[in-house]
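Only this structure's heavy atoms are used, side chains among them; waters, hydrogens and symmetry mates stay out. Each chain gets a letter, A, B and so on, in the order its sequence line appears, and its residues count up from 1.
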Amino acid sequence: MRLSAYPLQNMKEVPAEAEVVSHQLMLRAGLIRRLAAGLYTWLPMGLRVLRKAEAIIREEMNRAGALELLMPTIQPAELWQESGRWDQFGPELLRLSDRHERQFVYGPTHEEVITDIARRELKSYRQLPVNFYQIQLKFRDEIRPRFGVMRAREFIMKDAYSFHADEGSLVEGYRLMHEAYTRIFSRMGLKFRAVLADPGAIGGTGSQEFHVLADSGEDAIAFSDGDDYAANLEKAEAIAPTSPRSAPKAALTQVATPHVKTIAELAKLLSVPADQCIKTLIVDGAQGDLVALVIRGDHELNAIKAQNLPDVASPLKMADPARIAAELGAEIGFLGPVGLNCRIHVDHAALHLADFICGANRRDAHLTGVNWGRDLPEPSGSDLRNVVAGDPSPSGKGILSIARGIEVGHIFQLGRKYSEALGATVLDEQGKATTMLMGCYGIGVTRVVAAAIEQNHDEKGIIWPEPLAPFDVVLIPMNLQKSDRVRAASEALYAQLTAAGFDVLFDDRDARPGVKFADAELFGIPHRLVVGERGLDSGTLEYRHRRAAENEELPHADVVTFLKSRQSHQ
RNA sequence: CGGGGCGUAGCGCAGUCUGGUAGCGCAUCUGCUUUGGGAGCAGAGGGUCGUAGGUUCAAAUCCUAUCGCCCCGACCA
């Protein structure tokens with residue numbers, strides 16, 4: 001493509017609406033433009049990236065034996081009533097009526113439609129297993145769309161649905177998709193992790209999320225260095241210490257700690273590490289009572305784990321401070337388990353402490369040298385906290401690290417939820433109707449593009465992983481308007497590279513070199529070639545990779561073989 | 001939905017407190033010069049100040065309503 005014929009502008013200034021890097025760079029480089037909240041136009045440069053991502057997904061889905069189809073974005077309400085989700089889904093589901101007052105939804109997902117296809121078309125177990133997929137627009141009326149295309153209302157998703165006659169086939173289909181997803185994200189050149197997701201929510205035995213690793217990711221994930229265990233931070237189990245607890249050495253002592261409200265202040269005042277203190281959090285109980293949760297001072301409460309305790313209210317709610325004072329006779333900041341008049345749950349790590357420090361349940365005082373079993377009854381331990389880097393892996397191998405990730409894919413075994421609701425059955429070997437098992441596998445295609453930028457950028461702009469780049473090569477002629485030699489050489493090079501199969505961005509604008517270099521870097525094109533009078537005299541071109549700091553001299557005649565050897569894919 | 005904030009030229013902003021008829025930078029257009037890291041000079045175009053009422057001799061500015069957007073939270077995946 002010739003940049004002189006590309007009418008759209010990029011921007012030097014960052015639009016005020018963009019908060020995250022990928023959003024800023026996508027706007028600045030002219031990949032997308034916002035139409036309304038959560039609705040974006042993909043401009044030509046951006047669409048090229050989107051198409052590259054789609055092509056990789058399509059190839060790998062096909063390779064895995066999935067069959068592509070295309071379902072409507074608008075779906076009749078009846079199907080959603082049949083599955084029960086018409087009532088369950090809430091305002092995230094965009095509902096609309098046609099001129100006959102018939103009700104429809106703009107599909108946020110397509111389980112209903114695909115299950116309808118399956119019950120009409122699939123009659124025999126001999127037609128199974130089968131996996132249908134599409135790459136289609138979805139709409140979810142998010143309460144707060146943000147981060148540009150990362151959390152938009154309208155987005156493109158690759159969604160696949162598999163149908164199986166038995167459990168073994170479902171597990172095998174799931175495994176195939178896991179493999180396909182691993183190939184897809186690897187081919188895209190992204191650093192990613194497959195992460196255990198909540199198996200309880202949907203049911204079935206398996207569910208994994210695929211996360212692109214990026215510091216700006218919304219989800220924290222914990223993964224082991226000893227095997228491939230990885231889980232959402234919220235779901236990662238903190239295992240109980242196996243070593244025996246140290247014996248008590250210190251005597252129980254009350255110390256004055258005026259105005260100390262936080263663990264940090266307490267640790268500083270007493271010159272002890274935070275992990276020698278415990279904090280006591282009071283939450284609403286399931287019976288309208290109060291429940292105390294005790295964790296180590298340097299740990300964080302995990303709300304999901306806490307609210308899963310049978311006597312804790314769900315969703316988790318911190319107790320009202322006035323009520324704590326009234327019922328427990330102590331203020332926040334000075335609470336502790338010793339003599340506390342309510343039910344207490346203690347995290348394994350807190351339970352492992354000896355001679356620890358906690359609130360004295362009276363104003364401006366704490367206790368030191370506290371010991372379980374000696375100064376208060378020995379409680380049983382629970383898992384209440386978020387894991388931290390350095391914890392042993394629940395898999396039993398290695399220790400955990402914490403990273404942030406962006407969820408770009410999700411695979412799970414659905415079981416019979418939709419096939420049962422919609423009556424999707426086939427005849428088995430005995431000629432008996434049997435409800436099909438389903439798996440469901442999504443990739444947020446538009447989100448992948450944003451995630452790729454979050455993971456790969458610098459202060460100058462985007463650094464596309466080569467498989468996703470809108471162009472392979474950017475060709476920058478120096479002084480094109482004045483030098484006939486440069487014009488002839490760069491035109492010839494443009495034709496030559498294009499013929500050799502490269503996507504070439506030819507910056508033939510009448511602009512100063514600095515502008516062209518800056519734009520090439522903002523666009524993130526992996527390979528850059530500069531044609532100038534200097535090089536022409538010596539028969540060379542200047543080459544530079546987007547990630548490189550230095551130019552390389554390159555014999556003009558070798559350019560095609562050179563670029564092919566530098567391409568990190570295909 | 002709760003809390004906070006913002007709507008002035010394509011983008012980024014000033015002007016609003018203290019009413020007097022709209023400005024700066026970038027971008028765009030024209031001309032000349034310039035051309036190896038976001039050029040210089042000279043000129044030009046572009047805004048019913050989100051919208052609708054109200055107060056006033058006079059409203060971007062004060063009042064009321066309304067719409068849109070952004071951030072935090074809750075919610076959702």
Separation of [X] atom [atom1] from [N] atom [atom2], in whole Å?
| X | N | atom1 | atom2 | result |
| --- | --- | --- | --- | --- |
| E142(A) | C71(B) | CD | P | 13 Å |
| E13(A) | A14(B) | CD | P | 13 Å |
| E92(A) | C76(B) | CD | P | 9 Å |
| E218(A) | C75(B) | CD | P | 14 Å |
| M150(A) | C76(B) | CE | P | 21 Å |
| R85(A) | C76(B) | CZ | P | 15 Å |
| Y40(A) | C69(B) | OH | C1' | 11 Å |
| L27(A) | C26(B) | CG | P | 22 Å |

When you compare the protein's N or O atoms with those of nucleotides 3-8 of chain B, which come within less than 3.5 Å of each other, and at what distance?
none

With distance as the sole test, does [X] use its side chain to make a donor-acceptor pair with the main-chain N or O of [Y] at under 3.5 Å?
| X | Y | value |
| --- | --- | --- |
| R28(A) | E13(A) | no |
| Y40(A) | E154(A) | no |
| R34(A) | G148(A) | no |
| W464(A) | F471(A) | no |

| said: Please tell me whether Y161(A) and D159(A) have a donor and an acceptor in their side chains that are separated by less than 3.5 angstrom. | reply: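 Result is yes, a qualifying pair exists.
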
| message | Would you say H527(A) and E466(A) are linked by a side-chain donor-acceptor pair, where the criterion is simply a distance under 3.5 Å? | response |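 Yes, because at least one side-chain N or O of E466(A) sits under 3.5 Å from a partner of the opposite role on H527(A).
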
| How are the rings of Y543(A) and F562(A) set to each other: parallel, tilted or perpendicular (split at 30° and 60°)? | perpendicular

| B/S/- contact track for nucleotides 34-41 of chain B, protein heavy atom under 4.0 Å | BBBBBB--

| request: Using the P atom on both, measure A9(B) against G46(B) and round to a whole Å. | output: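 One P to the other, the span is 15 Å.
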
| task | Determine the interatomic distance between P on A27(B) and the same-named atom on A74(B); round to the nearest Å. | result |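 Pairwise P distance, A27(B) against A74(B), rounds to 42 Å.
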
| query | Which part of the nucleic acid, if any, lies within contact of R33(A), taking any heavy atom under 4.0 Å across all strands shown: a base, the sugar-phosphate backbone alone, or nothing? | reply | nothing

| query | Which of these nucleotides, G25(B), A77(B), C72(B), is closest to any side-chain atom of R140(A)? | reply |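 Nearest listed nucleotide: A77(B).
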
| message | For a quick test of reading the model: is some side-chain N or O of R144(A) closer than 4.0 Å to OP1 or OP2 of C70(B)? | response |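 The answer is no; no side-chain N or O of R144(A) sits under 4.0 Å from OP1 or OP2.
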
| Do the ring centers of F210(A) and H178(A) come within less than 6.0 Å of each other? | yes

| request: Using the side chain to side chain contact (heavy atoms under 4.5 Å, CB included) rule, take R33(A) and L27(A) through it: C-alpha gap first, then chi angles, then the decisive distance, then the call. | output: CA-CA 6 Å; R33(A) 288 291 180 259; L27(A) 289 170; 4.1 Å; yes

